[in-house]
Structures are given as C-alpha cells and as structure tokens.
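Report on the structure given below.
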Amino acid sequence: MSGAAMIASGVAITATPASAAPIFDGAVSFVDSFLPPSGSSVIDFSVKLKDPYTASGTPEKTVWARFTKDDTASPKTWAAANVTQPANVTGTPPTEVVVKGSVPVSVSDTASEKWQLQLALNNATTAPAADDPLWGATTDFTVQPATKVANFDIDPDNVTLKSGSSVDVGIRAIVEKGGSEVFKDARVESDETSDYYSLQTGFEADGKTYYDYVSMDSSTATGRWQAKLTFTRGTKTYEFVKSFNVSKGTTSKAKSKITFKVSPTKVKKGKSVKMYGIVYRGYTSWGPWKKKILKLYFKKKGTKKWKFAGYIGANNSGKFTKTVKPKYDGYWRVGAFATSVTLGKWSSYKYVDVR
C-alpha cells in the first residue's frame with residue numbers, strides 16, 4: 001500500500017508514493033475555428049495537462065496531437081497538428097499547465113462539423129503509431145466557412161483626370177460572410193503617397209452588397225491606387241484589395257445614354273416594383289457600359305427636390321435591375337455619372353402611383 005509502513009525481515013520500511021501520471025484535464029478549447037479567405041492559416045487550440053512534471057521540473061511526457069478533416073471517412077485520414085511542449089521549470093513544478101497547439105488550414109479546405117482532434121502522451125521522440133491506444137482524448141470541432149469578397153469592381157478601373165472637372169469612382173463588392181465578421185474600415189488609397197479617401201462601412205438592404213464612390217479631381221495623386229475593405233473576425237484581421245490606375249490626360253469624352261423602365265407603374269403600398277434598363281456608351285457606335293454603377297433618385301409628388309435612393313449595378317451587357325417598394329406617389333430616374341472619358345447622362349423619369 002503506497003505510503004504505508006511495511007515489515008520486511010523484521011525491519012520497518014516506508015514506501016515512497018509514486019508520482020501521478022500526466023493526464024489531460026478538461027475540454028479542448030479552440031480559437032478562430034474558421035477557414036482563411038485566401039492562402040493558409042491556423043486554428044489555435046489549448047488543453048490543460050495535469051501533473052505534467054517530474055520532481056526535477058522536466059516534462060513527464062511528450063504531448064502529441066493529430067487531426068482529421070472528416071471523422072466519418074473509413075479509414076480516417078490523420079495529419080499532425082502543431083504542439084508547443086511544456087518547458088522545463090525550476091523550483092516547485094506546477095501541478096497543471098496549459099498546452100497550446102494549432103491545426104493548419106487553408107482556403108481550399110472544406111468547412112464542416114466533421115473535423116476531429118485527437119491527443120496522446122508518451123515518453124518517445126516520435127508520435128504514437130496510427131492505431132496505438134495512446135490516442136485516447138478525442139474532440140469534435142466545427143470549422144466555419146471563409147469570408148470572401150466576390151465581384152470586387154472599380155468603375156472606372158482606369159481613371160483619367162482633367163483640369164476643372166471631377167471623376168466619380170465607384171466601388172462595388174459582394175461580401176460572402178462566413179461568420180461573425182466586423183466591417184472595420186473601407187477606403188481608397190494611393191500606393192505611392194499618403195493620399196486616401198474614406199468610404200462608408202455599411203451594406204445595402206440585402207446585407208452583403210457594398211456600394212460607395214469617391215470624386216477625384218486634378219489635385220488627386222496619380223499612379224496606382226487601391227480600394228481596401230478591412231474586416232475582423234475573431235482575433236484576425238483580413239484586408240480585401242482591388243487596384244486601379246489614376247492618370248492625367250485630355251482625351252475627348254464618349255457619350256452615354258440610358259433606357260429606363262418601371263413595372264408596374266401602379267402599385268399597392270407595401271408591394272414591389274421592378275426598375276430596369278440598359279446603360280450605353282460610345283464614340284461612333286453604341287456599346288454596353290459594362291459594370292457601370294448607376295445612382296437611383298426619387299422625387300415625391302408635389303416636391304421639387306430629387307433624393308438619392310440607392311445604387312444599381314449594370315452587368316457586362318449594360319443591363320441593370322432593382323426591386324423597390326415605393327412609399328409615396330412620385331417620380332424615379334437613374335443617373336450614369338461622368339468619368340474622365342465618358343459623359344454623364346440622366347434617364348427619363350418614370351411616375352409610380354402608390355395606392
């Protein structure tokens with residue numbers, strides 16, 4: 001019996017208690033359990049290890065970790081996870097330490113609830129064999145999808161500045177959220193100078209479509225610029241960037257025109273109408289004004305002031321469409337604002353009767 005007095009050959013001998021073997025104590029904790037928007041990253045984890053040291057302050061065991069991306073596969077495919085081993089200590093060893101590690105992930109991985117982490121302890125310099133029963137502590141964890149920005153466009157993507165006039169540069173993107181992102185900052189900035197324009201950090205009504213614009217004039221620095229959207233998620237910060245060029249010139253401008261229709265023109269309050277059309281540009285012949293960002297305006301019946309009502313993005317064919325729920329009788333129109341090489345244009349206005 002450990003710690004008891006035993007009689008051997010008439011002599012009293014006191015047995016020395018054996019030191020407790022290290023064990024994992026409690027659940028594994030994960031941080032930033034999601035895929036990166038590009039390239040590679042890691043998912044950090046930690047677990048408490050009880051009785052980790054010998055009396056001299058050296059680690060009693062080596063900690064090993066492995067993971068699988070699909071715990072339903074047969075057989076499972078395991079890969080090594082990274083582990084930071086407990087360090088040697090001086091003085092009285094602690095009875096518990098937090099062991100930290102990480103699981104490597106990349107944008108090409110599949111987000112799912114099928115990921116699994118497994119831990120082991122041994123006295124060797126190599127991990128236990130795949131079927132060794134030392135692999136005992138198992139934790140299921142969920143990896144969330146990556147945050148992505150799609151259809152990130154600058155209009156125009158080649159800005160030519162002219163003295164005495166300005167150019168509206170539109171920024172459009174679709175943000176595919178993967179979880180609890182926070183939209184921290186949006187700006188248009190010069191790659192070569194400290195010049196920049198701040199943008200708004202909000203979305204359209206659908207919660208994923210982003211629109212904003214800046215007006216550049218002859219005082220704007222030329223060279224390479226970039227639109228940058230910055231998000232935080234967990235402990236990590238991600239920047240999505242789209243580059244464009246700014247130069248100065250005296251090129252004559254092309255003309256533009258817009259067809260604009262509304263259907264229906266009579267609607268009950270709370271119901272939707274569809275606003276659509278095509279935007280064109282051209283010098284000698286007309287072609288679609290690809291991916292042009294238009295501005296929608298409304299003027300309430302009996303008033304004189306037009307009010308901004310939102311953005312509409314044209315596709316590669318110059319076609320645009322937007323669904324609106326009018327609250328009041330009034331007039332609607334869209335504007336294709338001028339760039340350095342194309343003249344701006346207002347559409348004809350359309351009256352909508354709200355009943």
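Please read these numbers as outputs of a predicted model, since none were measured by experiment. If you read the sequence from its start, that first residue is 1, and numbering goes on from there. Basis for what follows: all heavy atoms, side chains included, without hydrogens, waters or symmetry-related copies.
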Are any of the side-chain nitrogens in [X] or [Y] under 4.0 Å away from the carboxylate oxygens of its partner?
{"X": "D153", "Y": "K291", "result": "yes"}
{"X": "D109", "Y": "K69", "result": "yes"}
{"X": "R224", "Y": "E192", "result": "no"}

For the student: nearest non-hydrogen atoms of [X] and [Y], plus distance:
{"X": "P52", "Y": "E96", "result": "CD-N, 4.0 Å"}
{"X": "V103", "Y": "L117", "result": "CG2-CD1, 4.2 Å"}
{"X": "G335", "Y": "W346", "result": "CA-CE3, 3.6 Å"}
{"X": "T147", "Y": "P37", "result": "O-CB, 2.9 Å"}
{"X": "A81", "Y": "F45", "result": "CB-CE2, 4.2 Å"}
{"X": "T110", "Y": "W115", "result": "O-NE1, 3.1 Å"}

Any chance the side chains of [X] and [Y] put a donor and an acceptor closer than 3.5 Å?
{"X": "T235", "Y": "D32", "result": "yes"}
{"X": "D195", "Y": "T193", "result": "no"}
{"X": "N88", "Y": "T58", "result": "no"}
{"X": "D44", "Y": "S102", "result": "no"}

Heavy atoms of other groups near [X] [atom1], more than 12 under 6.0 Å:
{"X": "K290", "atom1": "NZ", "result": "no"}
{"X": "F141", "atom1": "CZ", "result": "yes"}
{"X": "K322", "atom1": "NZ", "result": "yes"}
{"X": "Y351", "atom1": "OH", "result": "yes"}
{"X": "E113", "atom1": "CD", "result": "no"}
{"X": "K299", "atom1": "NZ", "result": "yes"}

Give every donor-acceptor pair under 3.5 Å between a side-chain atom in residues 125-136 and any protein atom, sequence neighbours left out.
residue: D132; atom: OD1; partner: L134; partner atom: N; Å: 2.8
residue: W135; atom: NE1; partner: P128; partner atom: O; Å: 3.4
residue: W135; atom: NE1; partner: A129; partner atom: O; Å: 3.0

How about [X] and [Y]: do any of their side-chain heavy atoms sit closer than 4.5 Å?
{"X": "Y197", "Y": "Y213", "answer": "no"}
{"X": "K148", "Y": "F240", "answer": "no"}
{"X": "Q116", "Y": "K76", "answer": "yes"}
{"X": "V267", "Y": "V354", "answer": "yes"}
{"X": "R66", "Y": "W64", "answer": "no"}
{"X": "L161", "Y": "V167", "answer": "yes"}
{"X": "V143", "Y": "I43", "answer": "yes"}
{"X": "Y196", "Y": "S198", "answer": "yes"}

Between the main-chain N or O of [Y] and the side-chain N or O of [X], is there a donor-acceptor pair closer than 3.5 Å?
{"X": "S347", "Y": "V334", "answer": "yes"}
{"X": "T68", "Y": "T77", "answer": "yes"}
{"X": "N82", "Y": "G101", "answer": "no"}

Under the 6.0 Å and 45° cation-pi test, does R172 pair with Y211?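 Because its charged atom misses either the 6.0 Å distance or the 45° angle limit, R172 does not stack over Y211.
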
Cation-pi check for F337 against K295: NZ or CZ below 6.0 Å from the six-membered ring centre and within 45 degrees of the axis, yes or no?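 Yes - K295 lies over the ring of F337, closer than 6.0 Å to its centre and within 45° of its axis.
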
Show, in sequence, the C-alpha distance, side-chain angles and deciding distance for E176 and K208, and conclude whether the salt bridge (charged side-chain N to carboxylate O under 4.0 Å, His left out) test is met. CA-CA 7 Å; E176 300 174 0; K208 65 179 181 180; over 6 Å; no

Using ring-ring contact (aromatic ring centres under 6.0 Å, His included) as the criterion, point out the one residue from W306, Y331, F308, W332 that pairs with F298.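 When W306, Y331, F308, W332 are each tested with F298, the ring-ring contact (aromatic ring centres under 6.0 Å, His included) holds only for W332.
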
Report whether V89 and V83 are members of the same hydrophobic cluster (ILVMFWY, side-chain heavy atoms less than 4.5 Å apart, transitive linking).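 Yes, V89 connects to V83 through the hydrophobic network.
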
Can you check whether F183 and Y210 have ring centres sitting under 6.0 Å from each other?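 They qualify: ring centres under 6.0 Å apart.
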
Contacts table for residues 254-266: side-chain donor-acceptor under 3.5 angstrom, sequence neighbours left out:
residue: S256; atom: OG; partner: L343; partner atom: O; Å: 2.6
residue: T259; atom: OG1; partner: I278; partner atom: N; Å: 3.0
residue: T259; atom: OG1; partner: I278; partner atom: O; Å: 3.4

Test log, rule side-chain hydrogen bond (donor to acceptor under 3.5 Å, both in side chains), inputs Q118 and T138: CA-CA 4 Å; Q118 202 166 32; T138 302; 3.1 Å; yes

